[in-house]
Amino acid sequence: MDKNRIIVFDTTLRDGEQSPGCSMNTEEKIKIALQLEKLGVDVIEAGFAAASPGDFDAISRIAEQVKNSSICSLSRAIDNDIKQSGLAVSKAAKHRIHTFIATSPIHMKYKLKMNEAEVIKRAVHAVEYARTFVNDVEFSLEDAGRSEIPFMKEVMDAVISAGATTINLPDTVGYRLPYELGAMVKELADFAGDRAIISVHNHNDLGLSTANTLAAVMNGARQIEVTMNGLGERAGNSALEEAVMAIKTRKDAFGDLYTGINTAEIYPTSRLVATVTGVEPQQNKAIVGKNAFAHESGIHQDGMLKNNETYEIMRPEDVGVFKESTLILGKHSGRAAFRDKIEHLGFDKVSDEELNAAFEKFKVLADKKKDVSDDDIRMLITDESLNQDKTYELDALQISDCSSGVPTAAVAIKFQDKIMRDAAIGDGTMDAIFKTIDRLTGYNGELKDYKVTSVTEGKDALAKVTTRVSFDDESPAFVGHGLSIDTMLATAKAYLSALNSYLSQKERLSKKTSHQV
Ligand code: KIV
Ligand code: ZN
């Protein structure tokens, strides 16, 4: 094992998905997993297999498709959780089971109602059982940030002897200060020696997660658990982009330490995660925020013109942020120029069907806008790849004059090569659209969340609508994506996209046979 290599363990698809409003469907998770592989992530925590049949399905499909990153599933220290994880990751080229139990006095007393001996017994059994499925077992001492060091050493000794290869020390509630966390990691990394890799997993409740991750690395941690855009439970997790770029940019402080991340894929990955979840990073977010490389004041602009290094410690292109290219596409641009452009934008896995469908949408857009920007094109491609399920497709939408007080929507939908039409009134325009779609499709969606963002600037910006819609009581809400220069058209598309996603998931799960135990 290379002592200077920092293993990057990405938990966007598990802890990140636990952010409110961030649930993703299977196809979206697969897209993100493939992008994380391209980014060079060492371990992808693809979910929590026992949580639901949908989670199990997503993990096993990711396991089948990702080749270079190890695929991991989370499990409580409970046999059935571990079994589901073992089965879900079984087809992966490289796989890992991650199991955990809390070790802090407060969690043991109130949550687990277990004493120390019982916790150790359960932890050892969990690791031994996980080892019957895989050789690579990670054990987490949940709430390590508030656990007592002598007890943590006992647990570590026991689980390492039982076969754990990585020991993760989560600061579950984001409580520790960097100097404290660094000292804890040093003591436990020295204690573990060569017997296991020490990992950290820091939450951001005090805004210190990345500082804590870096303090841990400086004190012997060789795995960092991170998420793209810092997504995660409550205030989130340590952001992959921040930790990785700090290690790369501050070589003077981190010496020979390095990660295997291809940093030019950071921005494309961030955009994909933001698009899929509908959660945009704050504008001034380090590395991936809209303003991260924008220079507003005259003094700064002057400095930048003389020498970039006056105000930039990283080059935007090192993280995959490229200045708008000079090759602007318009309505006379052909398919070849369009293909060139998307390749230049880094989309190298676009199928011919996706390219053709995106090109058609580009032509429609170019008819309405003089210049189609790189961001517009990025969104067209991403939208097409996120909307592969096309059971129902919007054909046309007409909205009545809302000032009349009777908001009405007339909708035409393509279903099995037939066009169905209907109209309904609603409490507002959106309500009228959704009611008409419900009538046409026979499903009764309940809108749980609705977000609209503009993809580019200007009055002719593309509107991106993200919906979360629930269609029955048993399934989670489904995310839908719609893109159009017209917000209401984007809204109707996003609602149908959520329905398509629900239907394809339902169909897949009903076809599944024997894995559930
Ligand atoms: O925050 C936490 O403690 C976790 C563990 C399950 C690793 O997410
Ligand atoms: Zn966590």
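Every number for a ligand or one of its atoms is a count from 1 in the order of the listing.
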Report yes if some N/O of Arg14 lies less than 3.5 Å from some N/O of ligand 1; otherwise report no.
yes
Backbone of Arg76 reached by a side-chain donor or acceptor of Asp81 within 3.5 Å:
yes
Does any donor atom in the side chain of Gln18 or Arg14 lie under 3.5 Å from an acceptor atom in the other side chain?
yes
With a 4.0 Å cut-off on heavy atoms, does His98 reach ligand 1?
yes
Evaluate Glu142 for polar contact with ligand 1, using N/O atom pairs at a separation under 3.5 Å.
no
In terms of residue, atom name and distance, what is the protein heavy atom nearest to atom 3 (O) of ligand 1?
Thr172 OG1, 2.6 Å
Numbered in order shown, the ligand 1 atoms found under 4.0 Å of a heavy atom of Asp15 are 8 (O)
Can any side-chain N or O of Thr467 pair as donor or acceptor with the backbone N or O of Val469 at less than 3.5 Å?
no
Is the NZ or CZ atom of Arg176 both under 6.0 Å from the centre of the six-membered ring of Tyr179 and within 45° of that ring's axis?
no
Closest His203 atom to the Zn ion (ligand 2) [N, O or S only]:
NE2
Flag Asp15 as yes if one of its N/O/S atoms falls below 2.8 Å of the Zn ion (ligand 2), otherwise no.
yes
Quick check: does any side chain N or O of Glu265 sit under 3.5 Å from a backbone N or O of Asn262, one acting as donor and the other as acceptor?
no
Counting only N and O atoms by type, is there a donor-acceptor contact under 3.5 Å from the side chain of Asp57 to the main-chain atoms of Pro53?
no
N or O pair under 3.5 Å between Ser140 and ligand 1:
no
For a quick test of reading the model, state the closest non-hydrogen atom pair linking Glu233 to Asp15 and the distance between them.
N-OD1, 3.2 Å
Heavy-atom nearest neighbour in the protein, as seen from atom 4 (C) of ligand 1, with distance rounded to 0.1 Å:
His201 NE2, 3.5 Å
Nearest non-hydrogen protein atom to atom 1 (O) of ligand 1, with distance, is His203 NE2, 3.0 Å
